[in-house]
Protein chains: 2
Amino acid sequence: MKKYTCTSKEEKEFLAKYDASKFERPSVTADIVILTTDAEDELNILLIKRGGFPYKGCWAIPGGFLNVGKESIDEAAARELKEETGVDGVFLNQLYTFGDVGRDPRTTVITVAYTALVPKDMLNIKAGDDASDAKLFKIRYDVTGMVLSSGDLTITEDDLAFDHEEIIRMAIKRLRNRIDYEDDAFSLLKDSKSFTVSELKKIHEAIKNRSLDLPNFRKMFFREYLDTGKVTELKDTRPVKGKPTKLYRYNG
Amino acid sequence: MKKYTCTSKEEKEFLAKYDASKFERPSVTADIVILTTDAEDELNILLIKRGGFPYKGCWAIPGGFLNVGKESIDEAAARELKEETGVDGVFLNQLYTFGDVGRDPRTTVITVAYTALVPKDMLNIKAGDDASDAKLFKIRYDVTGMVLSSGDLTITEDDLAFDHEEIIRMAIKRLRNRIDYEDDAFSLLKDSKSFTVSELKKIHEAIKNRSLDLPNFRKMFFREYLDTGKVTELKDTRPVKGKPTKLYRYNG
DNA sequence: TTAATAGTGTCTGTAAGACAATATTGC
DNA sequence: GCAATATTGTCTTACAGACACTATTAA
């Protein structure tokens with residue numbers, strides 16, 4: 001963004017006298033849909049259990065109020081991500097802004113939602129100030145829609161706070177669309193230094209919630225990533241159960 | 001969104017005592033990139049000339065502050081669109097939210113940007129309270145990038161207020177991506193009741209800023225719109241310079 | 001040898017794009 | 001007939017998906 005420069009004394013006086021409180025203002029939060037994949041290569045989401053009103057005891061995506069004047073809305077999202085998970089410097093994509101009247105019973109709250117993709121090993125989950133618990137939930141689907149479960153605990157959309165179910169749905173939908181033409185999937189690799197085609201395929205499968213054909217996935221991988229230089233073939237191989245597999249590195 | 005119901009006396013007391021002013025709050029605006037096509041079938045954008053500080057005399061996309069508690073952010077965008085153009089009930093798509101520190105020299109302003117596609121005949125352009133002028137600008141490109149012109153007046157990105165050049169760029173980029181898989185183009189038809197394939201093609205050409213092959217466009221049109229039932233073939237034809245052309249109706 | 005995983009090759013259908021050819025109108 | 005526009009058809013290339021097949025390792 002270009003730097004704004006005051007051009008006149010008249011304008012300097014205007015800005016000095018500007019009363020920022022003359023318009024009523026809403027609260028603004030940055031909330032984050034934090035997604036990862038688990039040991040079974042299924043998509044998981046980080047939710048916190050609300051310790052205070054409103055929606056006390058409900059599960060919510062992490063987030064918090066913008067420190068007005070001290071940080072941008074993007075920085076607020078990054079700060080919240082770090083506070084909740086210790087994670088810094090990962091993929092954080094702005095999703096959508098939610099501003100319906102009455103979506104928060106306290107006062108008008110505008111929420112700018114973000115999506116973060118974080119490998120599970122990087123997550124150091126802490127329950128923040130206003131949370132009594134924080135857990136990863138496996139995201140599955142049945143006839144009624146999305147089913148979130150963490151071990152024995154299974155929650156429905158009624159257990160989600162505010163309009164967070166809508167936010168989660170939108171995040172997953174957007175991610176599914178992006179995965180075919182953006183490089184989002186690489187953010188979920190366990191080892192950022194090297195990966196196999198099968199490992200990348202499992203991430204795509206988790207996000208799309210369906211199994212993919214390995215030969216066809218390889219063709220796409222070569223065309224979109226190797227031939228374009230986005231990915232480099234390494235000389236090493238990784239010993240697995242069967243034939244050892246070639247390793248690649250994402251030049252992100 | 002589901003309705004929130006207070007479940008306990010304790011919570012009712014909490015909400016009654018909640019002090020909404022304990023966190024500092026930013027201003028929030030809804031700004032709109034209003035696009036149309038002109039008589040030469042080229043893409044145009046509505047800009048207003050700022051009558052007051054900051055960026056006095058610069059051109060900006062229309063917008064305004066959220067009426068906190070009285071309207072959602074979507075409704076604020078629709079209200080601003082109506083105030084500036086008299087237009088109601090058209091395509092309004094949320095684009096992105098801008099919240100960098102210092103993007104407005106007065107105070108922290110979070111701007112939720114929208115894109116509106118409006119046929120030129122529907123536009124009844126008025127310069128609002130804080131605007132000294134309002135004009136449609138033709139959007140063209142040269143080696144330096146985007147060039148905006150209205151008759152003899154040509155402006156550069158330095159004549160645009162705030163970070164509005166970035167917002168405009170993003171709106172056009174998003175629209176170009178959407179045009180191939182969403183029904184946005186139909187919003188720009190001069191006559192919503194009937195149109196010809198050539199007319200629709202001209203809208204696609206204006207948005208993509210390149211000419212398209214009519215036979216190939218027809219194939220896409222039949223496959224994506226007619227065969228899917230999104231568009232109905234009418235019995236009438238429209239007399240034009242050469243062979244009369246079939247009319248279609250969008251069942252939007 | 002068998003199980004398991006990696007990796008190659010082939011076939012089909014769909015779609016994009018270039019472009020030739022035909023059709024129907026007004027003048 | 002000619003200009004202008006609409007409309008149909010053909011050819012090539014690219015890509016997605018299904019699936020048969022081969023390769024290499026550990027046990």
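Below, chain A is the first sequence line, B the second, and so on; all start at residue 1.
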S.K.: For B:K82, does the NZ atom sit with more than 12 other heavy atoms under 6.0 Å from it, leaving out its own atoms?
M.R.: no
S.K.: Rounded to the Å, how far apart are B:N216 CG and D:dT13 P?
M.R.: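 From B:N216 CG to D:dT13 P: 16 Å.
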S.K.: Counting just side-chain N and O atoms, does B:R218 come under 4.0 Å of either OP1 or OP2 of D:dT8?
M.R.: yes
S.K.: Applying the side chain to side chain donor-acceptor pair (under 3.5 Å) test to B:K138, which of B:D38, B:N44, B:T37 qualifies?
M.R.: B:D38
S.K.: Counting only heavy atoms not in B:K230, do more than 12 fall under 6.0 Å of its NZ?
M.R.: yes
S.K.: What's the spacing between A:L188 CG and A:M122 CE if we round to 0.5 Å?
M.R.: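 Answer rounded to 0.5 Å: 10.5 Å.
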S.K.: Tabulate atom names and distances for all N/O pairs under 3.5 angstrom spanning the protein and nucleotides 1-3 of chain D.
M.R.:
none

S.K.: Are B:Y96 and B:F98 close enough that their ring centers fall under 6.0 Å?
M.R.: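 Distance test on ring centres: under 6.0 Å, yes.
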S.K.: For DNA chain D, what residues of residues 189-209 of chain B have any heavy atom nearer than 4.0 Å?
M.R.: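 Here the set is B:S198.
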S.K.: Could you list where the contact with chain A starts and ends along DNA chain C, reading 5' to 3', using a 4.0 Å heavy-atom cut-off?
M.R.: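 Here the contact window of chain A covers C:dA4 to C:dT10.
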S.K.: Mind checking whether A:Y225 and A:F186 have ring centres under 6.0 Å apart?
M.R.: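 Ring centroids of A:Y225 and A:F186 are less than 6.0 Å from each other.
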S.K.: To the nearest 0.5 angstrom, please state how far the CG atom of B:D88 sits from the CZ atom of B:R79.
M.R.: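 The distance works out to 12.5 Å.
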S.K.: With the threshold set at 4.0 Å, does a side-chain nitrogen-carboxylate oxygen contact exist between A:K246 and A:E233?
M.R.: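 Looking at A:E233 together with A:K246, the answer is yes, because their closest N to O distance falls below 4.0 Å.
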S.K.: Any chance you could measure B:E42, atom CD, to B:N209, atom CG, to the nearest 0.5 Å?
M.R.: 8.0 Å
S.K.: Tell me if the side-chain of A:D213 makes a donor-acceptor pair with the base of D:dA16, cut-off 3.5 Å, by modelled atom types.
M.R.: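 Side chain to base: no pair below 3.5 Å.
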S.K.: What's the verdict on side chain to side chain contact (heavy atoms under 4.5 Å, CB included) for A:E224 and A:K219, showing C-alpha distance, side-chain angles and the deciding distance?
M.R.: CA-CA 9 Å; A:E224 299 294 328; A:K219 271 187 292 192; over 6 Å; no
S.K.: Using the rule given for side-chain hydrogen bond (donor to acceptor under 3.5 Å, both in side chains), can you reason through A:T115 versus A:N93, listing the C-alpha separation, both sets of side-chain angles and the distance that settles it, and then say yes or no?
M.R.: CA-CA 5 Å; A:T115 303; A:N93 187 40; 5.6 Å; no
S.K.: Contact class for B:K219 (heavy atom, under 4.0 Å): base, sugar-phosphate, or nothing?
M.R.: base
S.K.: Counting the atoms with a prime plus P, OP1 and OP2 as sugar-phosphate, which does B:P215 contact under 4.0 Å by heavy atoms, base, sugar-phosphate, or nothing?
M.R.: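 Base, at least one base heavy atom under 4.0 Å.
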S.K.: Rounded to the nearest Å, what distance is computed from the CG atom of residue A:L214 to the P atom of nucleotide D:dT22?
M.R.: 18 Å
